[in-house]
Amino acid sequence: MKALIVSHEAGTKPGFIGDRLTERGVECDLHVMVPDTSDPERFEPLPADGFDLLVIMGSYWSVYEDAISAWIGDELDLIRRSHESGTPVLGICFGGQALAAALGGTVERSPETEIGWYEITPANGVRLPISAGPWMEWHHDRFSLPPGADLLASTETCPQLFRVDRSVGTQFHPEISVELATDWMRESSDSYLDSCGVTREGILADVSHNEPANRRNCFDLVDWFLDDVAKS
(Lines give C-alpha, C1' and ligand atoms only; values in the text may rest on other atoms or scores of the structure.)
Protein backbone atom coordinates (compact mmCIF):
# COMPACT_ATOMS: atom_id res chain seq x y z
CA MET A 1 0.00 0.00 0.00
CA LYS A 2 1.27 3.47 -0.88
CA ALA A 3 0.29 6.75 0.82
CA LEU A 4 0.65 10.21 -0.66
CA ILE A 5 1.29 12.58 2.25
CA VAL A 6 0.82 16.25 1.37
CA SER A 7 2.91 18.55 3.57
CA HIS A 8 2.30 22.18 2.72
CA GLU A 9 5.61 23.47 4.06
CA ALA A 10 8.83 21.83 5.19
CA GLY A 11 7.83 22.28 8.83
CA THR A 12 4.48 20.47 8.60
CA LYS A 13 5.84 16.95 8.54
CA PRO A 14 3.69 13.83 9.19
CA GLY A 15 5.43 13.09 12.50
CA PHE A 16 3.94 10.16 14.39
CA ILE A 17 1.40 9.58 11.61
CA GLY A 18 4.18 8.86 9.15
CA ASP A 19 5.97 6.71 11.73
CA ARG A 20 2.93 4.49 12.26
CA LEU A 21 2.10 4.20 8.58
CA THR A 22 5.67 3.04 7.94
CA GLU A 23 5.49 0.56 10.84
CA ARG A 24 2.30 -0.83 9.30
CA GLY A 25 4.09 -1.45 6.01
CA VAL A 26 2.69 1.53 4.11
CA GLU A 27 5.08 3.15 1.66
CA CYS A 28 4.95 6.91 2.29
CA ASP A 29 5.57 9.44 -0.48
CA LEU A 30 5.97 12.92 1.05
CA HIS A 31 5.00 15.82 -1.22
CA VAL A 32 5.89 19.34 -0.04
CA MET A 33 3.60 21.85 -1.75
CA VAL A 34 5.58 25.06 -1.11
CA PRO A 35 9.39 24.76 -0.91
CA ASP A 36 9.80 28.43 0.08
CA THR A 37 7.13 29.90 2.37
CA SER A 38 8.16 33.44 1.37
CA ASP A 39 6.80 32.65 -2.11
CA PRO A 40 3.59 30.61 -1.64
CA GLU A 41 2.55 31.04 -5.28
CA ARG A 42 5.51 28.87 -6.33
CA PHE A 43 4.45 25.30 -5.68
CA GLU A 44 5.13 21.71 -6.64
CA PRO A 45 2.25 20.25 -8.71
CA LEU A 46 0.40 17.38 -7.08
CA PRO A 47 0.50 13.89 -8.59
CA ALA A 48 -2.85 12.82 -10.00
CA ASP A 49 -2.68 9.14 -9.07
CA GLY A 50 -0.38 6.30 -8.00
CA PHE A 51 -1.39 6.10 -4.34
CA ASP A 52 -3.80 4.07 -2.21
CA LEU A 53 -4.17 6.52 0.70
CA LEU A 54 -4.17 10.31 0.76
CA VAL A 55 -3.01 12.15 3.91
CA ILE A 56 -3.32 15.94 4.05
CA MET A 57 -1.29 17.60 6.80
CA GLY A 58 -1.55 21.00 8.51
CA SER A 59 -0.38 24.37 7.22
CA TYR A 60 0.63 27.83 8.33
CA TRP A 61 -2.02 29.21 5.96
CA SER A 62 -5.83 29.15 5.86
CA VAL A 63 -7.81 27.23 3.25
CA TYR A 64 -9.54 30.46 2.14
CA GLU A 65 -6.39 32.64 2.11
CA ASP A 66 -5.57 34.53 -1.10
CA ALA A 67 -1.87 33.75 -0.69
CA ILE A 68 -2.45 30.09 -1.64
CA SER A 69 -5.03 30.65 -4.37
CA ALA A 70 -2.52 29.42 -6.98
CA TRP A 71 -2.72 25.84 -5.69
CA ILE A 72 -5.47 25.27 -3.13
CA GLY A 73 -8.04 24.62 -5.88
CA ASP A 74 -5.90 21.80 -7.26
CA GLU A 75 -5.55 20.30 -3.79
CA LEU A 76 -9.28 20.43 -3.11
CA ASP A 77 -9.91 18.79 -6.49
CA LEU A 78 -7.46 16.00 -5.63
CA ILE A 79 -9.16 15.42 -2.27
CA ARG A 80 -12.59 15.36 -3.90
CA ARG A 81 -11.56 12.99 -6.68
CA SER A 82 -9.79 10.69 -4.26
CA HIS A 83 -12.76 10.52 -1.92
CA GLU A 84 -15.27 9.98 -4.71
CA SER A 85 -13.16 7.19 -6.21
CA GLY A 86 -13.04 5.38 -2.85
CA THR A 87 -9.45 6.26 -1.95
CA PRO A 88 -9.31 6.81 1.84
CA VAL A 89 -8.41 10.36 2.87
CA LEU A 90 -7.07 11.47 6.26
CA GLY A 91 -7.03 15.23 6.85
CA ILE A 92 -5.18 16.81 9.79
CA CYS A 93 -6.04 20.35 11.01
CA PHE A 94 -5.71 22.37 7.76
CA GLY A 95 -6.10 18.99 6.06
CA GLY A 96 -9.34 18.34 7.95
CA GLN A 97 -10.59 21.78 6.93
CA ALA A 98 -9.58 21.12 3.32
CA LEU A 99 -11.38 17.76 3.37
CA ALA A 100 -14.52 19.42 4.70
CA ALA A 101 -14.34 22.19 2.08
CA ALA A 102 -13.67 19.76 -0.78
CA LEU A 103 -16.78 17.76 0.10
CA GLY A 104 -19.15 20.70 0.49
CA GLY A 105 -18.50 22.05 3.98
CA THR A 106 -17.14 25.48 4.86
CA VAL A 107 -14.07 26.93 6.56
CA GLU A 108 -14.13 30.18 8.52
CA ARG A 109 -12.23 32.09 11.17
CA SER A 110 -12.84 30.51 14.55
CA PRO A 111 -14.32 32.74 17.27
CA GLU A 112 -11.64 31.38 19.57
CA THR A 113 -8.07 30.28 18.89
CA GLU A 114 -7.22 26.92 20.41
CA ILE A 115 -3.55 26.40 21.24
CA GLY A 116 -2.57 23.73 23.72
CA TRP A 117 -3.85 20.36 24.86
CA TYR A 118 -7.59 19.71 24.87
CA GLU A 119 -9.82 16.71 25.45
CA ILE A 120 -12.43 16.15 22.75
CA THR A 121 -16.06 15.39 23.64
CA PRO A 122 -17.91 12.60 21.81
CA ALA A 123 -21.00 13.62 19.87
CA ASN A 124 -24.33 12.46 21.27
CA GLY A 125 -24.63 8.70 21.02
CA VAL A 126 -21.10 8.26 19.67
CA ARG A 127 -18.60 5.85 21.16
CA LEU A 128 -15.25 7.33 20.26
CA PRO A 129 -13.04 4.96 18.22
CA ILE A 130 -9.95 6.73 19.58
CA SER A 131 -8.82 8.35 22.82
CA ALA A 132 -10.49 11.56 23.99
CA GLY A 133 -6.98 12.90 24.46
CA PRO A 134 -5.83 15.38 25.40
CA TRP A 135 -4.80 16.21 21.85
CA MET A 136 -2.63 19.09 20.66
CA GLU A 137 -4.57 22.00 19.13
CA TRP A 138 -3.12 24.86 17.13
CA HIS A 139 -5.63 26.56 14.87
CA HIS A 140 -7.29 29.89 14.14
CA ASP A 141 -9.98 28.51 11.81
CA ARG A 142 -12.79 25.96 12.04
CA PHE A 143 -14.83 23.92 9.58
CA SER A 144 -18.48 22.97 9.19
CA LEU A 145 -19.31 19.39 8.31
CA PRO A 146 -19.85 18.46 4.67
CA PRO A 147 -23.15 16.82 3.69
CA GLY A 148 -23.38 13.19 4.82
CA ALA A 149 -20.55 13.45 7.34
CA ASP A 150 -20.81 12.05 10.86
CA LEU A 151 -19.56 14.25 13.68
CA LEU A 152 -17.64 12.08 16.11
CA ALA A 153 -16.23 14.64 18.56
CA SER A 154 -15.87 18.35 19.24
CA THR A 155 -14.70 20.95 21.74
CA GLU A 156 -16.78 23.90 22.89
CA THR A 157 -15.31 25.89 20.00
CA CYS A 158 -15.64 23.64 16.97
CA PRO A 159 -15.87 20.14 15.47
CA GLN A 160 -12.75 18.08 16.08
CA LEU A 161 -13.29 14.73 14.40
CA PHE A 162 -15.58 13.67 11.57
CA ARG A 163 -15.98 10.77 9.20
CA VAL A 164 -17.63 10.53 5.83
CA ASP A 165 -17.48 7.10 4.21
CA ARG A 166 -13.76 6.21 3.89
CA SER A 167 -12.45 9.66 4.83
CA VAL A 168 -11.65 11.21 8.22
CA GLY A 169 -10.85 14.76 9.24
CA THR A 170 -9.41 16.06 12.50
CA GLN A 171 -8.98 19.59 13.82
CA PHE A 172 -6.30 18.51 16.29
CA HIS A 173 -2.69 17.48 15.64
CA PRO A 174 -2.12 13.79 16.47
CA GLU A 175 1.24 13.87 14.68
CA ILE A 176 2.91 16.25 17.13
CA SER A 177 6.27 15.38 18.72
CA VAL A 178 9.00 17.40 20.39
CA GLU A 179 10.99 17.29 17.15
CA LEU A 180 8.06 18.60 15.13
CA ALA A 181 7.12 21.23 17.72
CA THR A 182 10.72 22.47 17.67
CA ASP A 183 10.37 23.03 13.92
CA TRP A 184 7.14 24.94 14.49
CA MET A 185 8.78 27.14 17.10
CA ARG A 186 11.62 27.90 14.72
CA GLU A 187 9.10 29.18 12.17
CA SER A 188 7.06 31.22 14.69
CA SER A 189 7.98 34.84 15.36
CA ASP A 190 8.10 36.30 18.86
CA SER A 191 5.34 38.76 17.97
CA TYR A 192 3.06 35.98 16.73
CA LEU A 193 3.58 33.85 19.83
CA ASP A 194 3.02 36.89 22.05
CA SER A 195 -0.24 37.64 20.25
CA CYS A 196 -1.38 34.07 20.98
CA GLY A 197 -0.39 34.30 24.64
CA VAL A 198 2.06 31.39 24.46
CA THR A 199 5.82 30.96 24.73
CA ARG A 200 8.27 28.63 23.01
CA GLU A 201 9.35 27.23 26.35
CA GLY A 202 5.77 26.57 27.44
CA ILE A 203 4.75 24.88 24.18
CA LEU A 204 7.82 22.63 24.12
CA ALA A 205 7.45 21.72 27.79
CA ASP A 206 3.80 20.72 27.26
CA VAL A 207 4.62 18.68 24.15
CA SER A 208 7.45 16.93 25.97
CA HIS A 209 5.13 16.08 28.87
CA ASN A 210 2.38 14.73 26.60
CA GLU A 211 4.53 13.11 23.91
CA PRO A 212 4.55 9.48 25.20
CA ALA A 213 0.76 9.30 25.55
CA ASN A 214 0.24 11.22 22.32
CA ARG A 215 2.42 8.77 20.41
CA ARG A 216 0.23 5.89 21.61
CA ASN A 217 -2.96 7.80 20.86
CA CYS A 218 -1.75 8.77 17.39
CA PHE A 219 -0.81 5.18 16.61
CA ASP A 220 -4.29 4.08 17.70
CA LEU A 221 -5.84 6.70 15.40
CA VAL A 222 -3.77 5.50 12.43
CA ASP A 223 -4.66 1.88 13.21
CA TRP A 224 -8.38 2.76 13.35
CA PHE A 225 -8.08 4.63 10.04
CA LEU A 226 -6.30 1.71 8.33
CA ASP A 227 -8.23 -1.17 9.86
CA ASP A 228 -11.74 0.27 10.03
CA VAL A 229 -12.21 3.37 7.91
CA ALA A 230 -10.01 2.44 4.93
CA LYS A 231 -11.42 -1.08 4.74
CA SER A 232 -15.09 -0.14 5.04
Side-chain angles (χ1 to χ4, degrees), residues 3-15 17-18 28-51 53-83 87 89-115 136-144 146 158 167 169-177 179-196 198 200 203:
L4 173 63
I5 302 178
V6 179
S7 177
H8 301 93
E9 312 88 13
T12 54
K13 301 181 183 76
I17 290 175
C28 295
D29 182 7
L30 181 63
H31 179 93
V32 179
M33 284 295 297
V34 179
D36 180 0
T37 55
S38 69
D39 186 10
E41 293 188 356
R42 180 173 164 267
F43 65 97
E44 297 295 331
L46 287 159
D49 50 30
F51 53 90
L53 300 172
L54 177 61
V55 181
I56 307 293
M57 299 305 302
S59 178
Y60 305 145
W61 291 295
S62 298
V63 169
Y64 52 78
E65 200 167 346
D66 288 342
I68 63 172
S69 60
W71 52 264
I72 188 60
D74 292 343
E75 182 170 316
L76 296 181
D77 286 343
L78 177 65
I79 293 170
R80 188 180 306 109
R81 292 196 313 271
S82 298
H83 174 80
T87 299
V89 181
L90 176 61
I92 304 300
C93 195
F94 175 99
Q97 296 166 2
L99 173 63
L103 302 185
T106 60
V107 182
E108 64 180 9
R109 195 72 170 177
S110 176
E112 180 179 337
T113 293
E114 291 181 316
I115 300 178
M136 175 67 174
E137 305 275 359
W138 195 311
H139 66 97
H140 301 280
D141 299 321
R142 66 180 182 180
F143 57 79
S144 68
C158 59
S167 297
T170 81
Q171 185 57 76
F172 54 87
H173 284 280
E175 79 280 18
I176 194 67
S177 64
E179 178 183 0
L180 191 52
T182 301
D183 289 342
W184 292 5
M185 293 303 97
R186 191 178 298 115
E187 296 294 326
S188 299
S189 68
D190 291 339
S191 60
Y192 168 72
L193 295 174
D194 287 345
S195 72
C196 295
V198 297
R200 288 182 173 82
I203 291 291

- Per side-chain contact (heavy atoms from CB on, under 4.5 Å), Thr113 is matched among His140, Glu137, His139 by His140
- Message: Under the criterion side-chain contact (heavy atoms from CB on, under 4.5 Å), I'd like the reasoning laid out for Asp39 against Glu41: C-alpha separation, chi angles, the key distance, then a yes or no.
- Response: CA-CA 6 Å; Asp39 186 10; Glu41 293 188 356; 4.2 Å; yes
- Task: Could you pull out the closest heavy-atom pair between Pro35 and Arg42, with the gap in Å?
- Result: CD-O, 3.8 Å
- Task: Flag yes if more than 12 heavy atoms outside Asp36 fall under 6.0 Å of its CG atom; otherwise flag no.
- Result: yes
- Message: For Ile176 and Trp184: C-alpha separation, side-chain torsions, deciding distance, then whether side-chain contact (heavy atoms from CB on, under 4.5 Å) applies.
- Response: CA-CA 10 Å; Ile176 194 67; Trp184 292 5; 3.6 Å; yes
- Specify the closest pair of heavy atoms between Leu78 and Pro47, including all atoms of both residues, with the distance to one decimal. CD1-O, 3.8 Å
- Task: Nearest 0.5 Å please: distance from the CD1 atom of Ile17 over to the OG1 atom of Thr170.
- Result: 7.0 Å
- Message: Side chains of Asp74 and Pro45, heavy atoms from C-beta outward: is any pair under 4.5 Å?
- Response: no
- Query: Does Ser189 reach the main-chain N or O of Tyr192 with its side chain, forming a donor-acceptor pair under 3.5 Å?
  - Reply: yes
Side-chain donor/acceptor pairs under 3.5 Å, residues 3-10, sequence neighbours excluded:
| unit_1 | atom_1 | unit_2 | atom_2 | d |
| --- | --- | --- | --- | --- |
| Ser7 | OG | Glu9 | O | 2.8 |
| Ser7 | OG | Thr12 | O | 2.6 |
| Ser7 | OG | Thr12 | OG1 | 3.1 |
| His8 | ND1 | Met57 | O | 3.4 |
| His8 | ND1 | Gly58 | O | 2.8 |
| His8 | NE2 | Glu75 | OE1 | 3.0 |
| His8 | NE2 | Glu75 | OE2 | 2.8 |
| Glu9 | OE1 | Thr12 | OG1 | 3.1 |
| Glu9 | OE2 | Ser59 | OG | 2.6 |
| Glu9 | OE2 | Tyr60 | N | 3.1 |

- Working for side-chain contact (heavy atoms from CB on, under 4.5 Å), residues Val34 and Trp61: CA-CA 11 Å; Val34 179; Trp61 291 295; 3.9 Å; yes
- First locate atom CE of Met136, then atom OG of Ser177, and finally report the distance between them rounded to the nearest 0.5 Å. 11.0 Å
- How many angstroms lie between CG in Asp141 and OH in Tyr64, if you round to the nearest 0.5 Å? 3.5 Å
- For the residue pair Val107 and Ser62, establish whether any side-chain heavy-atom pair is separated by less than 4.5 Å. no
- Message: Could you check whether atom CG of Asp194 has more than 12 heavy atoms from other residues, nucleotides or ligands sitting under 6.0 Å from it?
- Response: yes
- At their closest point, which heavy atom of Phe94 faces which heavy atom of Ile72, and how far apart are they? CZ-CD1, 3.8 Å
- Just by distance, do the side chain of Arg200 and the backbone of Leu193 share a donor-acceptor pair under 3.5 Å? no
- Task: Tell me, please, which residues at least two apart from His31 pass ring-ring contact (aromatic ring centres under 6.0 Å, His included).
- Result: none
- Task: Give the minimum heavy-atom separation between Leu180 and Gly11, together with the two atoms involved.
- Result: CD1-O, 3.3 Å
- Message: Could you report the tightest heavy-atom contact between Gln171 and Cys158, atom names first, then the distance?
- Response: CG-SG, 4.1 Å
- Message: Tell me which pairs pass side-chain hydrogen bond (donor to acceptor under 3.5 Å, both in side chains) where either residue lies in residues 98-112, with sequence neighbours left out.
- Response: Thr106-Ser144, Glu108-Arg142
- Has the side chain of Trp71 got a donor or acceptor atom that lies under 3.5 Å from a matching backbone atom of Pro40? yes
- I would like to know whether Trp138 and Ile203 meet side-chain contact (heavy atoms from CB on, under 4.5 Å); could you show each step before the answer? CA-CA 11 Å; Trp138 195 311; Ile203 291 291; 3.8 Å; yes
- One should read off an interatomic distance between Cys28 SG and Phe51 CZ, to the nearest 0.5 angstrom, of 13.0 Å
- Item | Check: His173 side chain, Glu175 main-chain N or O, donor-acceptor pair, under 3.5 Å | no
- Item | Reported CD1-to-CG distance for the pair Ile92 and Leu99, which is rounded to 0.5 angstrom | 10.0 Å
- Query: Do the side chains of Met185 and Thr182 get nearer than 4.5 Å, heavy atoms only?
  - Reply: no
- Item | Inter-residue atom distance Ser188.OG - Asp183.CG, 0.5 Å rounding | 10.5 Å
